[in-house]
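Reviewing the structure listed below.
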Number of protein chains: 2
Amino acid sequence: MDARKRRILGTLIDDYIVSAEPVGSRTLAKKYGLGISSATIRNEMADLEELGFLEQPHTSAGRVPSDRGYRYYVDELMQRPQVGSDTVNRVRMVLAAPVREIAWFIHQTAQLVSDMTAYPSVVVAPPVNDARLGDIRVMQLNSGTLLLVVATDSGLVENRAVPLPEDMSFEQVVWLAQEFAREFRGMPIKELKDRILDPLASDEERYHGLWESLLGWMSDWRTNDDRVTLAGSLNILKYPEFRDVGKVERVLGFLEREQAVEQLLYAALPQSEQVHVIIGQESPFDAIWDCSVVTATYQLRGHIVGQVSVIGPKRMQYAHVVTTLEMVSEELSRALKWA
Amino acid sequence: MDARKRRILGTLIDDYIVSAEPVGSRTLAKKYGLGISSATIRNEMADLEELGFLEQPHTSAGRVPSDRGYRYYVDELMQRPQVGSDTVNRVRMVLAAPVREIAWFIHQTAQLVSDMTAYPSVVVAPPVNDARLGDIRVMQLNSGTLLLVVATDSGLVENRAVPLPEDMSFEQVVWLAQEFAREFRGMPIKELKDRILDPLASDEERYHGLWESLLGWMSDWRTNDDRVTLAGSLNILKYPEFRDVGKVERVLGFLEREQAVEQLLYAALPQSEQVHVIIGQESPFDAIWDCSVVTATYQLRGHIVGQVSVIGPKRMQYAHVVTTLEMVSEELSRALKWA
DNA sequence: ATTAGCACTCCTGCGGCTAGAGTGCTAACT
DNA sequence: AGTTAGCACTCTAGCCGCAGGAGTGCTAAT
C-alpha cells in the first residue's frame, strides 16, 4: 500500500461520496490533478480491487469502494475538516439554553445532528438503571388522581399518574412518598427494582397498598425502552441508494426497533473517546448492511452514559460526520455538567 | 343515480381499494355476481364517468374512482362493518391500564390506531391554552438545580428544570411556588400567559427573580407545538401508490409539520360526533392530495379537546377506518374520564 | 515503470413491435 | 327500450434488438 495507491483510493472515495456513481480511471485522472495517466490509474485500481478495497458493479463500469475500502478510508485516509466556530456556536446556543430535563437535551441533540449532517440521527439517553433514586414528589391532578414525579440523581425524571387509594388521604400519600424517598434515596434504581421483585420485601406490608403501588410502579419503570431518540429519519430519502422503497422500509424499520439500535450502538461504548464507525456488513444487523453508522459517546459526571449517532448510506460524508459528532458530543457533555 | 349505478360504483371502489389496479367491466361482471353483462356495465361506467365519479387513467384501462367518487362512496355507499368485540377489548386493555398522564394515552392511541388500520396515525392532544392551572411542585435534582412540575386541571403535565437562584434557599423556592400556585390556581393558562406578558404585572417585583422565572417559564410553555403525535408512519411505504420516494417524502414531510397537521385536522372539530373524512384535493394542503384523512374527535369532561386521525392513500379502507376511529375515540374519551 | 492505443465488455437508452386488456359502438335480441 | 354479443379500435407494458458510450485490460512502445 504505497502512497500513490492511498492517494488514488482516497480521491476515488472522495469523488464517489459526492457523486454516488462508479468512478472510472479517466474521471480520476482528469478531474483531480494526480499527475499520472488514466492507464496507470487503471493498473493501480486493478491492484486495489485485488486487495479488496474496490469493487466493480460490472465489467465496464468504474470502481466503487468496498466495505474494506471505506474502512481504510476512515481509519487512514480521510482528512478531518476544521469545525467552523459558527457551527460550534450554533450548537452551544441550542444546548446552553436554560437548564432543562435531560430528555430535552437528548431531543435537541438528535435534531441538531440530523440538521447538521443531513442524515438521520439517533441519540441514546443515559440508562435509568445506573442512576440512583433522587426525590419523589406527589401532586394532586384532581380529586381521584395523583401524579407521582420521580427523579434520579442524574436528572432523569419520570411522571406517572396513579389513582388515589380510596382509604387514604392526600396527606397520607405525601407522607408515604417522603418516607419512601427517605428510605431509598441514593439507592441505584436497578437495585431498587431487584429488591422490589424480591418476595420477602413485600411481606412487611406495613404501609398499606400504596407502598406496593409505589414499588410496583418503580419496577414498571421502563429502564431500557425509551432510551432511543430518532430525528431526521426522512433525510434518508434524499440519497439515491434509497430510491427503492423496500430499502427505506428496512432501514427505518430497523431504527424504530429501539432495543436493536441500542444493542448496535452499545458497540461504541468501550472506545471511550474515539468516535466509532460501523460500515456496512460490519454491523450484526443485516437490515442496515447498506448503511454506515457513526457513533460518539457523551458523558455525565465523568462517566460515559450514552451515544450520539448518525446513520446514512455507506457512501457517507465520514469526515464531516465524525468531526461534527465529536464536537456535538463534547458540547452535550458540557451542557450536562449541571446534572 | 339509480340503484344499479350505485351498486356498480360501490363494487368498483370496493375492488379498487384492495387491488389498487384500474377496474374493468369484465372483472366487475365476472368476479362479482352482479347479474348483468359487461357491456351493460360498460354503458353504466361511461355514465358514471360523465357524472364525475370515475376516471380513466388512459383510454384502454379500466376505471378508477375520482375524488368525487370516493366522496359519494363514503357518504352513501360504504357498509360499515361491525367492530369485533375482541378488537374493542384490545383497545380497552391498552387504554384501561393504570391511570397515566394524558400524554401517555395519546401515544398509546396513536400506536394502537396505526396498528389496527395499517395506516399512519396522528393524534392531537388537548390544547394547553384551554386548561387551567392546577398545581405546582418543586423538587431538587441536585444542589444547583430544581425541577418544576406544573399540572393543569385537565391532567396535562410539564416538567422543567431550572437553576436554583443563588440568593435563595430550596425552602424559599418551595414556598414561592406554593404562593404562585395559590394565587393563580384555576386560571386558564392562556389568561395566565397574557397576564405575564403584560408589563404592569412585572412591576411588582415583590418575589425576587424567581417569581419572574416562574412567569417566564409559564409563558415559554409550548402550548401549540407538541400537540401532535405521529405513529406508524412507515405503514405508508406498504402501499403501491407510494412506491415513489418523492411522494413518500412529501407526505411524511407534511406530517412532520405539526402546525400544518393541526390546522388540517382542525376542520374535523365542528362536526362533533361525526367522523370526518378529507379526500384528496379536498385538503387545503397539496402535499397530501394523493391521500385521504379520516378524523374522529375525543372528549375530556364533555368537551371535544382533540382528534384521532388516520392518513393513507385515497384508496383507503374507509369502512374499516371509520368504524375503528369511531370506536377508539369513544374508548379514549372513556379512558380519560378520570381526568 | 509509465503510457498510448486498441479491442472488448457491458450497461443504458431508444425505437419498434406485439400481446393483452379494455373500451365504445353497432346491431341483434328480448 | 333496455340489454347483450360482437367487433374494431386504442393504449400500455413488456420484449427484442440495436447503437452509443463508458470503462476496462492488455499489449507494445517509450
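Throughout, a chain's letter reflects where its sequence line sits, starting with A, and its residues are numbered from 1.
Of all nucleotides listed (dC11(C), dT24(D), dA5(D)), dC11(C) comes nearest to the side chain of H58(A). Across dC11(D), dC10(C), dG23(D), the shortest atom-to-atom separation from the side chain of T27(A) is found for dG23(D). In this structure, the nucleotide among dC10(C), dT3(D), dG24(C) sitting nearest to the side chain of Q56(B) is dG24(C). Listed nucleotides: dT3(C), dT9(C), dT10(D). Nearest to the side chain of T40(A): dT3(C).
Using a cut-off of 4.0 Å between Lys/Arg side-chain N and Asp/Glu carboxylate O, E55(B) and R63(B) are scored as not salt-bridged.
By the neighbour-count criterion of 12 heavy atoms within 6.0 Å, atom NZ of K238(B) is densely surrounded, having more than that number from other residues, nucleotides or ligands.
Counting distance only, with no hydrogens placed and no angle test, the side-chain atoms of S60(A) and the base atoms of dC10(C) include a donor-acceptor pair under 3.5 Å.
The side chain of R4(A) contributes an N or O atom lying less than 4.0 Å from OP1 or OP2 of dT2(C).
The distance between atom CZ of R26(B) and atom P of dT23(C), rounded to the nearest whole Å, is 11 Å. The interatomic distance linking E50(B) (CD) with dT23(C) (C1') rounds to 15 Å, in whole Å. Computed from coordinates, the R42(B) CZ to dT23(C) P distance equals 6 Å when rounded to whole Å. Put simply, CG on D47(B) is 11 Å from P on dT3(D), counting in whole angstrom units. Between the P atom of dT4(D) and the CG atom of L28(B) lies a distance of 14 Å, rounded to the nearest Å. Rounding to whole angstrom units, CG of residue N43(A) and P of dA4(C) are separated by 13 Å. Note: CD1 (I36(B)) to P (dA5(D)) measures 12 Å, nearest angstrom. Residue D2(B) contributes atom CG, which lies 9 Å from atom P of dT3(D) at whole-angstrom precision.
In this structure, G35(B) and T59(B) both approach DNA chain D, and ranking their closest nucleotides by distance from the 5' end singles out G35(B).
Screening R243(A), R250(A), K314(A) for a salt bridge (charged side-chain N to carboxylate O under 4.0 Å, His left out) with D290(A), the sole residue that qualifies is R250(A).
No engagement by S38(A) is indicated, since no non-hydrogen atom pair under 4.0 Å with the nucleic acid exists. At the heavy-atom level, A61(A) lies under 4.0 Å from the strands shown only through sugar-phosphate atoms.
The shortest side-chain heavy-atom distance between Y72(B) and L77(B) falls under the 4.5 Å cut-off. Looking only at side-chain heavy atoms (C-beta outward), P57(B) and P22(B) come within less than 4.5 Å of each other.
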